[in-house]
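Note sheet for the following structure.
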Protein chains: 2
Amino acid sequence: MTVPLAKYIFLRLRSLGVEQVLGVPGDYSMPMLDYIYEVDGLQYVGTCNELNGIYAADGLARSKRIPAVFSSTYGVGELCAINGLAGANSEDVPIIHLVGTTSRVYQENHYVCHHAPPQIKGYLPNDHAMYEQSSRPYCVAAEALWDLSTATKQIDHVIAESIKWNKPAILWVPFDMVGLPVDEEDLKRPLNTAIDVSPLTDEVVDAIYNALDKAKTVALLSDMYAERFNLQSYLHKVLDLTKAWGFTTLLGKSSIDESHPQFVGCYNGHLCLEAVWKNVEGADFVFNVGPNITDSNSGGYSREIKDEKLIMINKQNAKVFGKLYEDVNFVHVLERLIAKLESGFTPKSAEKPVAEFSDVELKGPLHQIMMPKLLSEAVQEDGFLIAETGTSQFFAMDVKLKKGAKFFTQVFYESIGYALPAAAGVAMGCPGRRVTLLEGDGSAQVTAQEISTIVRKKLPVTIFLVNNDGYAIERSIWNEDLDYNDIAHWNWTKVMEAFGAKEGEVENYQIRTAEEFLDLVRNPSFQQSKKPQLVELFLERLDYPDHLYLQVKLVGERNKINFQKFSEKHDKLPSA
Amino acid sequence: MTVPLAKYIFLRLRSLGVEQVLGVPGDYSMPMLDYIYEVDGLQYVGTCNELNGIYAADGLARSKRIPAVFSSTYGVGELCAINGLAGANSEDVPIIHLVGTTSRVYQENHYVCHHAPPQIKGYLPNDHAMYEQSSRPYCVAAEALWDLSTATKQIDHVIAESIKWNKPAILWVPFDMVGLPVDEEDLKRPLNTAIDVSPLTDEVVDAIYNALDKAKTVALLSDMYAERFNLQSYLHKVLDLTKAWGFTTLLGKSSIDESHPQFVGCYNGHLCLEAVWKNVEGADFVFNVGPNITDSNSGGYSREIKDEKLIMINKQNAKVFGKLYEDVNFVHVLERLIAKLESGFTPKSAEKPVAEFSDVELKGPLHQIMMPKLLSEAVQEDGFLIAETGTSQFFAMDVKLKKGAKFFTQVFYESIGYALPAAAGVAMGCPGRRVTLLEGDGSAQVTAQEISTIVRKKLPVTIFLVNNDGYAIERSIWNEDLDYNDIAHWNWTKVMEAFGAKEGEVENYQIRTAEEFLDLVRNPSFQQSKKPQLVELFLERLDYPDHLYLQVKLVGERNKINFQKFSEKHDKLPSA
Ligand SMILES: Cc1ncc(C[n+]2csc(CCOP(=O)(O)OP(=O)(O)O)c2C)c(N)n1
Ligand SMILES: Cc1ncc(C[n+]2csc(CCOP(=O)(O)OP(=O)(O)O)c2C)c(N)n1
């Protein structure tokens with residue numbers, strides 16, 4: 001039996017649990033999209049534009065923990081989405097990008113058609129594959145279909161690599177090929193997603209075991225890759241078996257459930273609660289799972305954990321007391337470590353350190369310093385908290401999440417506007433769970449139209465819109481006065497209506513004080529609402545979270561010295 | 001005397017007439033942007049996001065006819081703007097993209113910092129230059145600064161190439177370099193923007209002269225590159241001297257002023273007014289300036305002009321009765337041709353053909369077929385008309401422009417959402433002239449937030465928002481029923497208020513009939529208004545312009561045959 005090529009793609013994806021294909025259609029992609037409607041349980045979800053669409057796919061993949069599928073049209077759509085691919089690559093999120101391209105006839109004959117690149121010099125043939133160069137650097141696999149006889153293998157490869165490495169991958173599908181028959185049997189071919197087990201795995205396992213055994217106090221520090229590779233059940237097992245203290249970073253937040261009795265708090269170099277960093281760095285042994293030591297994930301590189309008490313395991317390497325083990329995979333390590341612990345290990349139990357956020361009074365006008373406590377009340381059990389790039393990330397760190405609540409923020413790639421569509425994607429991926437979004441006014445303007453998808457799809461998203469009159473984080477980093485950090489003043493509580501919300505379909509609020517905030521989020525009707533909610537929070541223009549302020553100072557001072565040194569060494573200055 | 005590097009950049013740009021730097025700031029770019037404020041007559045203009053910003057820059061460059069300057073921050077901002085670069089490349093628009101990048105210290109040491117690419121395998125060094133690959137294919141020049149001693153040359157090169165070829169170019173500026181001193185004298189070095197004169201130029205000139213001399217009827221057909229290289233004064237000279245009839249294509253529309261007594265109409269293969277295509281193709285000699293023969297610019301390749309009566313001149317080649325002349329430049333040809341004509345030429349004067357749009361009654365509910373006539377009343381003298389990708393382009397073709405009115409549409413690159421921010425850019429570039437925008441509801445949702453810039457900057461833009469309930473052009477091309485062509489229903493007349501417009505600052509209208517339309521646009525207070533205007537036009541869902549409908553049929557049928565043939569030749573089908 002045969003099956004049309006595009007249907008093969010969608011059947012394959014459906015069999016992995018995929019339920020949505022996001023995107024924006026185009027004439028080169030519609031013929032492919034038609035086959036979505038032939039696959040049971042698969043649905044097309046349009047977004048306002050491609051960048052928002054791929055951000056939503058990113059959120060969906062993060063929440064559903066399978067690859068999200070995003071489709072676009074040749075050139076124009078594909079290029080609009082690149083920043084989403086690059087973000088997914090940096091932050092390890094599996095997205096499969098399907099691009100409907102020009103037909104093979106057009107490609108081979110270098111047609112000058114809409115979206116295609118121009119001819120060179122006006123007469124030399126153009127190259128329809130030119131756009132591929134732009135996306136390739138961010139994709140773990142990239143295949144352009146052309147030869148029907150290899151097509152299903154190429155499709156499977158793209159999907160398998162995306163799953164295996166939690167990375168974006170891309171497939172270019174010429175629109176004349178979508179209806180051509182391929183062998184249905186190929187769907188039974190297993191996808192090759194296994195990672196080879198390194199022979200060095202046991203050496204790493206033993207080292208960890210011994211370190212756990214020796215240490216009186218152990219900090220299990222879970223970071224970004226642990227979150228992305230969904231290692232929570234392993235980590236909880238390790239906590240149970242060892243009685244270690246649990247910490248996460250900002251990029252790893254919620255990879256250990258924050259209601260877990262051994263969970264202490266969010267570690268961010270020296271820029272976090274003192275009880276947190278002192279207890280991480282002061283532990284006898286730090287078992288660091290999935291680290292990604294970026295500036296904003298380590299308090300501006302203020303993380304100080306000595307090699308002699310640190311073992312790091314990661315997706316493609318381990319580092320044991322400073323010694324690198326290439327190609328060791330953390331899942332393999334954890335599986336064997338747990339087996340070993342289960343076959344007999346006596347945990348030392350040290351009393352859990354208490355890390356409470358500073359004792360700020362929740363009264364009067366809203367201030368950044370109140371936000372962790374306030375938000376801790378707002379995020380629901382089993383809910384999601386998503387923080388946009390900006391000041392929100394810095395107060396999100398100390399928000400205490402209830403049982404089952406998940407958190408993420410793109411604090412490595414840091415592209416503003418990402419979080420809003422991502423929140424919509426999260427809600428699509430996990431129906432019935434409320435999604436709380438912390439969104440800056442500047443960032444919100446980047447991708448604002450996707451609020452209309454939240455309204456149209458009636459998604460239970462609560463947008464806390466932090467109105468602090470512009471790009472506050474940028475003011476804190478560089479310049480408080482120059483107008484490049486100013487933005488237009490929007491009437492935020494009218495936005496959902498403009499984007500199509502009808503009377504009673506959505507809720508809008510404006511909050512100026514801590515009391516108002518608590519009244520609202522403690523109100524059962526607010527809590528139990530199934531509607532989209534937009535809560536505009538008024539904060540002061542130059543009010544920054546402490547962690548942010550300190551990081552800016554730290555990094556700024558170090559940069560100054562380093563730049564000077566570099567310049568003295570490299571630059572021949574012109575005579576003045 | 002020395003001057004800080006970034007100030008050098010902005011002084012150089014200012015000396016070319018640049019008045020605005022558009023963009024979105026970031027921590028890697030703010031130190032560069034600071035120097036804008038040190039240059040008299042230069043202003044920073046923020047947009048809601050990078051894609052919109054570069055589209056606005058594109059519009060600004062088109063209207064002002066000098067390179068527009070757009071700035072972004074490393075990685076995240078840069079990648080959001082790529083589709084704008086690619087569009088500018090396809091459509092020949094000069095944009096200089098300044099990217100503030102990570103410092104040289106960070107680059108050299110492969111810092112894992114925000115926005116930077118991830119490490120490979122988690123331990124191999126990352127490559128901060130990785131993102132450059134994505135933009136390079138669309139730039140005529142691309143320079144990454146590093147070595148202070150070559151910096152001003154690199155800067156000048158990027159600017160000069162952009163001017164010379166009307167193309168986008170990109171400059172990556174490490175943020176530790178912006179304050180380093182460079183030699184102020186370098187600003188006096190002339191920019192090398194001249195195009196070499198080909199020795200074949202005169203041969204082409206003579207051929208044109210002779211053809212003009214011999215022919216009884218001459219069609220001067222002006223296309224995209226004539227428009228982009230601003231050849232109008234040459235073309236008008238040729239018309240005056242030869243009494244030829246003037247035609248443009250859609251991509252070249254307004255490159256001959258439509259009030260010119262010899263101007264006939266807009267040629268689009270066989271999909272335009274019959275009197276137009278018959279008189280182009282039936283002329284004894286067709287003098288085609290700056291052609292770009294794309295599908296949508298030639299009535300789906302239905303253009304039929306025989307080689308034996310066709311001479312084409314272009315920016316980098318000429319084609320004389322089928323014979324190619326490489327590297328001949330059309331400006332050189334026109335200058336010499338005009339000199340030759342001026343020194344003695346006797347024009348034959350043939351009566352100008354009349355090409356009137358079909359005699360539709362302007363009564364009752366709005367229909368696509370009425371739009372050319374209606375819009376012809378709406379666009380002002382010396383105004384701009386901009387048509388978004390979609391059905392608007394197809395009715396824009398036959399709109400009659402008044403004296404001095406300029407038109408453009410991105411009908412080659414065809415990226416939806418482009419036109420709205422571009423219209424804002426046009427208005428910034430040419431203050432005091434009203435900009436009329438034809439915008440589809442689907443496209444508008446792509447970049448809607450930039451309406452807020454129109455509001456904030458009080459730009460005299462009239463948005464005709466064609467509300468036909470979704471992606472009509474896509475329905476016409478492929479599928480009228482499937483929901484991938486549906487969009488959310490917005491309350492368009494509330495959008496400007498949501499985006500910050502205060503009472504009385506803007507005008508909103510809803511128009512359902514031809515009579516209402518005419519009443520509105522003939523009203524002096526509407527005409528003389530200086531405010532942003534949004535006019536929602538209600539059209540039927542499945543109402544398509546004829547030219548569009550016919551093109552879809554033509555191309556669709558041909559594709560079907562060609563795809564079949566191609567597949568028979570190349571594909572080995574699996575046994576069913
Ligand atoms: C796509 C993109 N463009 C620009 C930046 C630079 N940038 C980082 S944060 C920020 C401002 C965010 O402002 P807002 O959302 O209002 O948050 P606030 O800090 O005020 O809470 C900007 C412009 C970026 N990170 N990503
Ligand atoms: C960035 C981008 N994405 C997708 C497309 C495919 N596309 C072309 S026209 C169009 C629909 C335009 O709809 P609308 O603006 O409502 O105009 P209408 O045809 O209805 O007048 C789409 C989705 C494109 N050209 N560019």
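Reminder, nothing fancy here: chain letters follow the sequence lines and each chain counts from 1. Fair warning: this is a prediction, and the values are worked out from it, not measured in the lab.
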Which of the residues B:W492, B:Y225, B:Y418, B:W490 is involved in the greatest number of heavy-atom pairs with chain A at under 4.5 angstrom?
B:W490
So which of B:E326, B:M130, B:Q564 has the biggest tally of heavy-atom pairs under 4.5 Å with chain A?
B:E326
Of the backbone (N, CA, C, O) and the side chain (C-beta and beyond), which part of B:Y37 lies under 4.5 Å from a heavy atom of chain A, both, or neither?
side chain
Do the ring planes of B:Y28 and B:H114 sit parallel (below 30°), tilted (30 to 60°) or perpendicular (above 60°)?
parallel
Part of B:L324 within contact of chain A (heavy atom distance under 4.5 Å)
side chain
Non-hydrogen atoms of chain A under 4.5 Å away: do they reach the side chain of B:N297, the backbone, both or neither?
neither
For B:V182, which atoms come within 4.5 Å of any heavy atom of chain A: side chain, backbone, both, or neither?
backbone
Whether the side chain of A:N317 engages the backbone of B:K121 through a donor-acceptor N/O pair (distance < 3.5 Å, no angle test) should be reported.
yes
Given side chains that start at C-beta, do those of B:V45 and B:V21 come closer than 4.5 Å, heavy atoms only?
no
Scored by heavy-atom pairs under 4.5 Å with chain A, the best of B:P117, B:C80, B:G23, B:G122 is B:C80
Are A:F566 and B:E108 packed together at the side-chain level, in the sense that at least one heavy-atom pair is separated by less than 4.5 angstrom?
yes
Need one label for B:R104: side chain, backbone, both or neither, based on atoms under 4.5 Å from any heavy atom in chain A.
both
Applying side chain to side chain donor-acceptor pair (under 3.5 Å), run through A:Q133 and B:Q133 and close with a yes or a no.
CA-CA 7 Å; A:Q133 297 172 56; B:Q133 297 172 55; over 6 Å; no
B:D486, B:N314, B:T73: which one forms the most heavy-atom pairs within less than 4.5 Å of chain A?
B:D486
Specify which of A:A86, A:P31, A:S415, A:G77 makes the most heavy-atom pairs with chain B at under 4.5 Å.
A:P31
Counting heavy-atom pairs under 4.5 angstrom with chain A, the leader among B:E474, B:H489, B:Q445, B:K494 is B:E474
Can B:Y123 and A:K319 be said to form a side chain to side chain contact (heavy atoms under 4.5 Å, CB included), step by step?
CA-CA 10 Å; B:Y123 56 92; A:K319 215 165 183 179; over 6 Å; no
Give, as side chain, backbone, both or neither, the part of A:T493 having an atom under 4.5 angstrom from any heavy atom of chain B.
neither
Residue, of A:Y44, A:W146, A:Y131, A:Y111, that accumulates the most heavy atom pairs under 4.5 Å with chain B
A:Y131
Please indicate whether A:K565 has more than 12 foreign heavy atoms, meaning atoms of other residues, nucleotides or ligands, lying under 6.0 Å from its NZ.
no
Would you mind telling me which of B:T47, B:N292, B:I416, B:L573 has the largest number of heavy-atom pairs within less than 4.5 Å of chain A?
B:L573
Tell me, side chain or backbone of B:P181 under 4.5 Å from chain A's heavy atoms, or both, or neither?
both
Ignoring hydrogens and geometry, is there a side-chain-to-backbone donor-acceptor pair from A:S567 to A:F563 under 3.5 Å?
no
Do other residues, nucleotides or ligands put more than 12 heavy atoms under 6.0 Å from the NZ atom of A:K315?
yes
Whatever's closer than 4.5 Å to a heavy atom in chain B on A:D34 counts as both
When the 4.5 angstrom heavy-atom criterion is applied to A:A444 and chain B, the contacting part is neither
Tell me, for B:A501 versus chain A, whether the close heavy atoms (under 4.5 Å) come from the side chain, the backbone, both or neither.
backbone
Tell me which of these, A:V555, A:V446, A:L148, A:D176, has more heavy-atom pairs under 4.5 Å with chain B than the rest.
A:V446
With the side chain counted from C-beta on, respond yes when A:L51 and A:N83 share a heavy-atom pair under 4.5 Å apart, and no when they do not.
yes
Honestly, the part of B:A81 sitting under 4.5 Å from a heavy atom of chain A is neither
pair B:V112-A:F412: side-chain heavy atoms closer than 4.5 Å
yes
Interface check, chain B: of A:A448, A:P291, A:S90, A:G46, most non-hydrogen pairs under 4.5 Å belong to A:S90
Top contributor to chain B contacts, counting heavy-atom pairs under 4.5 Å, from A:G442, A:G417, A:G26
A:G26
Check for me whether the distance between the ring centres of A:Y471 and A:Y484 falls short of 6.0 Å.
no
Side chain, backbone, both or neither of B:S443 within contact of chain A (heavy atoms, under 4.5 Å)
neither
For B:L33, is it the side chain, the backbone, both, or neither that has a heavy atom closer than 4.5 Å to a heavy atom of chain A?
both
Counting heavy-atom pairs under 4.5 Å with chain B, which one of A:I487, A:N562, A:I82 comes out on top?
A:I487
Min side-chain heavy-atom separation A:R475-A:D481 under 4.5 Å
no
Heavy-atom cut-off 4.5 Å, strictly under: side chain, backbone, both or neither for A:V24 against chain B?
side chain
For the pair B:S298 (side chain) and B:T294 (backbone), establish whether a donor and an acceptor sit closer than 3.5 Å, ignoring hydrogens and angles.
yes
Pairing residues for A:D183 by the salt bridge (Lys or Arg N to Asp or Glu O under 4.0 Å) criterion, not counting sequence neighbours:
none
Under 4.5 Å from a heavy atom of chain A, the part of B:K572 involved:
backbone
